[in-house]
Amino acid sequence: MKTRMTNYKPLLVLLFLLASWITFTVFQNATKLWTALNLPISLHQWNFITKASWPESSFHPVISAADTELRIKAIVEKLDQQIPPRPFAHVNTTTSAAHSTATVLNPRHTYCRGDQLDVLLEARDHLGRRKQYGGDFLRARMSSPALEAGASGKVTDFNNGTYLVSFTLFWEGQVSLSLLLIHPSEGVSALWRARNQGYDRVIFTGQFANGTSQVNTDCALVLNSSAELCQYLDAQDQEAFYCVRPQYMPCAALTHMHSKNKDVSYLSKQEKSLFERSNVGVEIMENFNVISVSKCNKETVPVKEKCKPGMTSTVPSGHVWKNTWNPASCSLATVEMNKCLRGKSVYLLGDSTVRQWMEHFKRSIRTLKSVDMHESGKLQHQLAVDLDRNINIQWQKHGYPLIGSITYSVKEIEYIARAIDRIGGEKNTVIVISLGQHFRPFPIDVFIRRVLNVHKAVQRLLLRSPDTMVIIKAENIREMHNDVERFSDFHGYIQYLAIKDIFQDLNVGLIDAWDITIAYGTNNVHPPEHVVRNQVNIFLNYIC
């Protein structure tokens with residue numbers, strides 16, 4: 001028996017060597033195959049999701065941190081190229097609304113509904129001289145107050161001091177045209193430089209509690225302090241928030257937060273003069289004649305298909321008529337909210353502009369019952385359910401930064417990406433994401449990083465549950481004259497462009513609240529109820 005086993009040993013060694021050689025060859029060729037196909041690294045990254053370890057290691061894509069840094073840098077560089085520095089020696093050399101001229105191209109006595117009306121704007125400075133470069137932040141709008149109608153106009157910048165402003169004449173009647181100079185190009189350049197210069201325009205105060213004692217300390221996205229700091233780190237996406245650590249208290253004792261504006265500015269005295277109330281949002285076409293629009297017996301407009309996610313967005317994206325939003329490229333049906341939401345779980349994630357939706361749902365569906373989540377303050381997690389119809393709607397604030405003078409709890413705070421990772425998702429699950437307003441006072445990379453991390457979380461969600469509906473609600477415009485350096489709509493517009501660009505590769509819906517709130521002419525970060533109702537109606541059309 002021993003002799004027979006001895007005879008087999010060389011054969012077993014030979015078989016082992018042969019198996020090792022085959023394994024090595026297959027692995028080497030497989031690696032060459034992947035390289036030859038030039039498949040994106042993300043296809044390999046998502047293989048981690050199938051591993052048993054849940055959830056920490058499974059959601060860590062390979063080299064995602066380095067990839068994110070490169071993407072942030074590329075986006076910021078692209079924006080820098082589009083917003084070149086425009087230094088100026090005197091306010092007189094900046095764009096003047098009063099001296100700039102607007103001329104209707106191919107004017108007519110009467111226009112037909114559906115026509116396009118074009119206006120050529122020639123920007124001039126306060127001395128009446130033609131501007132030689134573009135970059136002015138303009139807002140075009142047409143309206144008929146008696147008809148409760150409005151729409152944005154499209155502005156094309158030729159980068160030589162001239163602009164083409166195009167209006168689509170959506171309705172019949174007397175139409176007024178408006179073109180506002182929100183900021184001259186020199187002001188835009190100053191705001192962009194100032195925004196990306198510092199993190200300390202807003203200071204946060206963290207409240208630590210230990211038994212009966214409470215201590216307040218400074219907190220921020222970036223803290224230049226020699227004191228010992230508490231770091232509140234999202235390890236997966238490398239986003240952090242810091243507080244000065246109180247003596248004799250652990251970092252885990254942080255319970256509440258509030259913020260206030262700090263007396264900090266990165267604008268020169270001369271630059272600040274551009275943002276005085278009288279210089280912001282000045283009408284260029286002040287003495288423009290009202291335009292008369294008729295039906296003109298044109299052919300019947302073809303029936304548009306029902307609005308759904310993934311449709312190409314137009315500029316303008318629609319118009320308001322009789323206080324109702326009408327998209328340009330699709331149609332909205334009247335949706336019965338109770339029936340539409342039956343059996344659905346709706347997650348509203350983000351800021352107070354989507355919390356308005358939560359309040360609208362609770363007002364509109366009488367059978368929705370609020371559930372006490374045992375949190376406190378205006379920013380507390382909200383949950384409302386209808387057990388008979390199996391409706392579940394909840395609102396949750398996004399993670400730091402959250403600006404607010406009223407103290408709010410941070411015991412349960414988490415980043416939107418982590419909330420999305422917790423959601424299983426399926427065809428009756430709907431997620432609405434709203435980011436922007438609280439990021440305006442901080443360098444743009446903070447916002448871009450957050451959006452990229454949310455984008456990755458949505459990618460993971462759609463891979464495991466492709467039937468889940470995800471909707472991005474864009475920012476609302478807000479008050480024009482309020483704290484311009486921190487909250488100008490120019491900051492919001494850049495973020496609006498960035499979030500649309502970042503999410504364009506995913507099958508998500510977009511509610512263009514930016515264009516909608518311009519059309520309504522609200523100029524309020526929290527628009528009135530009829531505007532919120534129309535935003536929600538688009539949402540209902542998307543999901544039902």
Taking the side chain as every heavy atom from C-beta outward, state whether [X] and [Y] have any atom pair closer than 4.5 Å.
{"X": "Asn453", "Y": "Tyr415", "result": "no"}
{"X": "Leu463", "Y": "Arg460", "result": "no"}
{"X": "Leu506", "Y": "Gln459", "result": "yes"}
{"X": "Asn428", "Y": "Asn390", "result": "no"}
{"X": "Phe503", "Y": "Val454", "result": "yes"}
{"X": "Arg478", "Y": "Arg440", "result": "yes"}
{"X": "Ser352", "Y": "Arg355", "result": "yes"}

Of all the heavy-atom pairs spanning [X] and [Y], show the shortest one and how long it is.
{"X": "Val335", "Y": "Asn537", "answer": "N-OD1, 4.4 Å"}
{"X": "Arg141", "Y": "Gly150", "answer": "NH2-CA, 4.4 Å"}
{"X": "Ile203", "Y": "Cys219", "answer": "CD1-O, 3.9 Å"}
{"X": "Ala209", "Y": "Gln214", "answer": "CB-CG, 4.3 Å"}
{"X": "Ile444", "Y": "Asn196", "answer": "N-OD1, 3.0 Å"}
{"X": "Val532", "Y": "Gln356", "answer": "CG2-NE2, 3.7 Å"}

Inter-residue atom distance [X].[atom1] - [Y].[atom2], 0.5 Å rounding:
{"X": "Leu402", "Y": "Tyr408", "atom1": "CG", "atom2": "OH", "value": "4.5 Å"}
{"X": "His481", "Y": "Phe275", "atom1": "NE2", "atom2": "CZ", "value": "12.5 Å"}
{"X": "Met311", "Y": "Ser317", "atom1": "CE", "atom2": "OG", "value": "13.0 Å"}
{"X": "Asp237", "Y": "Thr68", "atom1": "CG", "atom2": "OG1", "value": "7.0 Å"}
{"X": "His381", "Y": "Lys411", "atom1": "NE2", "atom2": "NZ", "value": "16.0 Å"}
{"X": "Met257", "Y": "Thr205", "atom1": "CE", "atom2": "OG1", "value": "8.5 Å"}

Any donor-acceptor pair under 3.5 Å linking the side-chain atoms of Ser434 with those of Thr353?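 The answer is yes; a qualifying pair exists.
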Partner residues of [X] under the salt bridge (Lys or Arg N to Asp or Glu O under 4.0 Å) criterion, sequence neighbours left out:
{"X": "Glu529", "answer": "Arg363"}
{"X": "Lys306", "answer": "none"}
{"X": "Arg450", "answer": "Glu239"}

Start with the C-alpha distance between Cys307 and Cys330, add both sets of side-chain angles, then the distance that settles disulfide (SG to SG under 2.5 Å), and finish with yes or no. CA-CA 5 Å; Cys307 294; Cys330 58; 2.0 Å; yes
When the side chains of residues 517-524 are checked against the rest of the protein, which donor-acceptor pairs come out under 3.5 Å, sequence neighbours left out?
| residue | atom | partner | partner atom | Å |
| --- | --- | --- | --- | --- |
| Thr517 | OG1 | Ile477 | N | 3.2 |
| Thr517 | OG1 | Ala513 | O | 2.6 |
| Thr517 | OG1 | Trp514 | O | 3.1 |
| Tyr520 | OH | Asn323 | O | 2.9 |
| Tyr520 | OH | Asn534 | ND2 | 2.9 |
| Asn523 | OD1 | Arg139 | NH1 | 3.4 |
| Asn524 | OD1 | His526 | N | 2.9 |

Is it true that Lys73 and Glu69 have a side-chain N and a carboxylate O under 4.0 angstrom from each other?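 Answer for the salt bridge query: no.
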Mind running side-chain hydrogen bond (donor to acceptor under 3.5 Å, both in side chains) on Tyr266 and Asp200 for me, showing each step along the way? CA-CA 10 Å; Tyr266 293 98; Asp200 52 351; 2.6 Å; yes
Can you list, pair by pair, the side-chain donor-acceptor contacts under 3.5 Å of residues 244-256, counting residues two or more places apart and other chains?
| residue | atom | partner | partner atom | Å |
| --- | --- | --- | --- | --- |
| Arg245 | NE | Met249 | O | 3.0 |
| Arg245 | NH1 | Glu228 | OE2 | 3.0 |
| Thr255 | OG1 | Gln207 | O | 3.2 |

Sole candidate of Glu271, Lys269, Gln270 that passes side chain to side chain contact (heavy atoms under 4.5 Å, CB included) when paired with Leu267: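 Result for side chain to side chain contact (heavy atoms under 4.5 Å, CB included) with Leu267: Glu271.
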Is it the case that over 12 heavy atoms from other parts of the model lie below 6.0 angstrom from the CG atom of Asp372?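 Yes, enclosed.
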Classify the ring geometry between Phe241 and Phe204 as parallel (under 30°), tilted (30 to 60°) or perpendicular (over 60°).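 Taking Phe204 first and then Phe241, their aromatic rings stand perpendicular (interplane angle over 60°).
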Does the Arg195 side chain pair with the main chain of Phe442, one donor and one acceptor, at a distance under 3.5 Å?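 Yes, the answer is positive, given that a donor and an acceptor are paired below the 3.5 Å cut-off.
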Residues 337-347 side chain polar contacts: donor-acceptor under 3.5 Å, at least two apart:
| residue | atom | partner | partner atom | Å |
| --- | --- | --- | --- | --- |
| Lys344 | NZ | Cys340 | O | 3.3 |

Examine His183 together with Tyr493 and report whether their ring centres are nearer than 6.0 Å.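 No; Tyr493 has its ring centre 6.0 Å or more from that of His183.
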